[in-house]
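Input: a single structure, listed below in structure tokens.
Predicted, not measured: the structure shown is a model, and the values here were computed from it. All values below were derived from every heavy atom in this structure, side-chain atoms included, with hydrogens, water molecules and symmetry-related copies excluded.
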Amino acid sequence: VMQRTREVKRINKSSEDRTIYDLIESTILTVSVMRSENIVNEIKKEGLDDYYLDQKLLTNWTFINILTNHVKNSIEAYATTLTTQFIKVSKGKLSFLFSDDGNGIDPIYRKKVFEKGFSTKGKTDRGSGLSINKDIIESVGGHIKLVDSKYGTTFEITIPVKGRNM
């Protein structure tokens, strides 16, 4: 635990110029340490290490909060592995897949996951995270959608970015 805590501190730099890869890696590590979970973090670095958030549209802090919601939901769904994979960059927007190997989302609920107040967890104080995340991402010209996956849950997320040569 101490080694993981030191790693979290190392990764959690305050610089605005942290790559998408750094932000995803540090968020998953931080949440897993806070929750005392041993999550395998499989980030395919290619493509994610070349881009940064466009801070005028989406701050690091906001993006970390969005990712934290997804990581917590994955842990609650008994995921042991989180996978992040770059898809493409087009017109200043980066698309990536964020997947887990947890219980997945029952097909009867798939159309409702982004509705405010909807939760499969049966508690009344739940069900705002994905709705808020969708609103934030769409407000900056991005999108988030639930995509079909054989195991667990997979979201495709598209966000505005800037690159080293953009």
Side-chain angles (χ1 to χ4, degrees), residues 1 3-77 79-89 92-102 113-114 116 119 121 125-147 152-164 166:
V1 172
Q3 181 179 356
R4 291 176 75 196
T5 302
R6 282 192 296 275
E7 181 69 8
V8 167
K9 288 179 182 177
R10 181 191 69 76
I11 293 171
N12 282 332
K13 306 174 237 174
S14 61
S15 169
E16 288 185 359
D17 286 332
R18 292 178 58 205
T19 67
I20 301 298
Y21 172 84
D22 286 338
L23 292 168
I24 293 170
E25 180 186 40
S26 66
T27 301
I28 293 171
L29 189 57
T30 300
V31 174
S32 65
V33 167
M34 287 171 45
R35 293 257 178 135
S36 298
E37 299 286 342
N38 197 12
I39 297 290
V40 176
N41 184 10
E42 295 179 352
I43 301 177
K44 310 233 183 326
K45 193 172 185 174
E46 181 181 338
L48 296 173
D49 206 32
D50 296 327
Y51 297 94
Y52 307 88
L53 291 175
D54 184 337
Q55 296 292 316
K56 295 175 190 160
L57 297 174
L58 186 64
T59 65
N60 286 353
W61 179 248
T62 302
F63 184 63
I64 287 169
N65 283 329
I66 290 168
L67 291 173
T68 297
N69 180 68
H70 290 289
V71 175
K72 286 179 179 179
N73 285 339
S74 295
I75 290 170
E76 290 173 6
T80 57
T81 303
L82 298 175
T83 304
T84 308
Q85 182 175 358
F86 170 81
I87 300 175
K88 66 179 179 179
V89 170
K93 295 180 183 169
L94 179 141
S95 297
F96 65 96
L97 297 176
F98 191 81
S99 307
D100 69 45
D101 66 348
V113 295
F114 293 109
K116 186 171 174 75
S119 176
K121 297 178 179 81
D125 63 339
R126 305 281 305 215
S128 58
L130 282 174
S131 172
I132 291 169
N133 287 352
K134 187 175 194 301
D135 289 347
I136 291 169
I137 290 169
E138 288 179 350
S139 75
V140 297
H143 78 266
I144 179 172
K145 65 181 180 179
L146 183 62
V147 297
T153 302
T154 300
F155 289 95
E156 180 181 322
I157 301 171
T158 301
I159 54 173
V161 293
K162 59 182 183 174
R164 298 184 204 281
M166 290 177 90

Going through the checks in order, is the side chain to side chain contact (heavy atoms under 4.5 Å, CB included) test met by T80 and D101? CA-CA 6 Å; T80 57; D101 66 348; 2.8 Å; yes
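- Of the residues listed (T154, L82, T81), the one engaging S99 in a side chain to side chain contact (heavy atoms under 4.5 Å, CB included) is T154, and it is the only one.
- The salt bridge (charged side-chain N to carboxylate O under 4.0 Å, His left out) test applied to E138 returns K134, not counting sequence neighbours.
- Within the model, atoms CG of L94 and CG of D54 stand 12.5 Å from one another, a figure rounded to the nearest 0.5 Å.
- Going from atom OG1 of T62 over to atom CG of L67 covers 11.0 Å, rounded to the nearest 0.5 Å.
- For the side chain to side chain contact (heavy atoms under 4.5 Å, CB included) with Y21, the qualifying choice from K44, K45, E46 is K45, the only one to do so.
- By the 4.5 Å heavy-atom criterion applied to side chains, K116 and D135 are not counted as neighbours.
- Considering only heavy atoms from C-beta on, L57 stays 4.5 Å or farther from I159 through its side chain.
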Output, in order, the C-alpha distance, side-chain angles, deciding distance and verdict of side chain to side chain contact (heavy atoms under 4.5 Å, CB included) for L130 and H70. CA-CA 8 Å; L130 282 174; H70 290 289; 3.2 Å; yes
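- Using a 4.5 Å heavy-atom cutoff, the side chains of I64 and L23 are in contact.
- Contact between G163 and Y51 at its shortest, heavy atoms only, is CA-CD2, 3.5 Å.
- Taking the side chain as every heavy atom from C-beta outward, T83 and L97 never approach each other to under 4.5 Å.
- At distances below 3.5 Å, at least one donor-acceptor pair connects side-chain atoms of D100 with backbone N or O atoms of T153.
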Tell me, with the steps shown, if Q85 and E42 meet side chain to side chain contact (heavy atoms under 4.5 Å, CB included). CA-CA 9 Å; Q85 182 175 358; E42 295 179 352; over 6 Å; no
How far apart are the C-alpha atoms of L53 and I20, what are their side-chain angles, what is the distance that settles it, and do they pass the side chain to side chain contact (heavy atoms under 4.5 Å, CB included) test? CA-CA 7 Å; L53 291 175; I20 301 298; 3.6 Å; yes
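- A donor-acceptor contact shorter than 3.5 Å links the side chain of K93 to the backbone of G141.
- Relative ring orientation between F96 and F63 is described as perpendicular, the plane-to-plane angle rising above 60° on a 0-90° scale split at 30° and 60°.
- Looking only at side-chain heavy atoms (C-beta outward), I39 and I28 come within less than 4.5 Å of each other.
- Considering only residues two or more places apart in sequence or on other chains, T84 meets the side chain to side chain donor-acceptor pair (under 3.5 Å) condition with none of them.
- Residues passing the side chain to side chain contact (heavy atoms under 4.5 Å, CB included) test with I137 are I66, I144, I157, sequence neighbours excluded.
- Annotation: the span from R18 atom CZ to I24 atom CD1 amounts to 11.0 Å, rounded to 0.5 Å.
- Residues D22 and Y52 fail the side-chain proximity criterion, which asks for heavy atoms closer than 4.5 Å.
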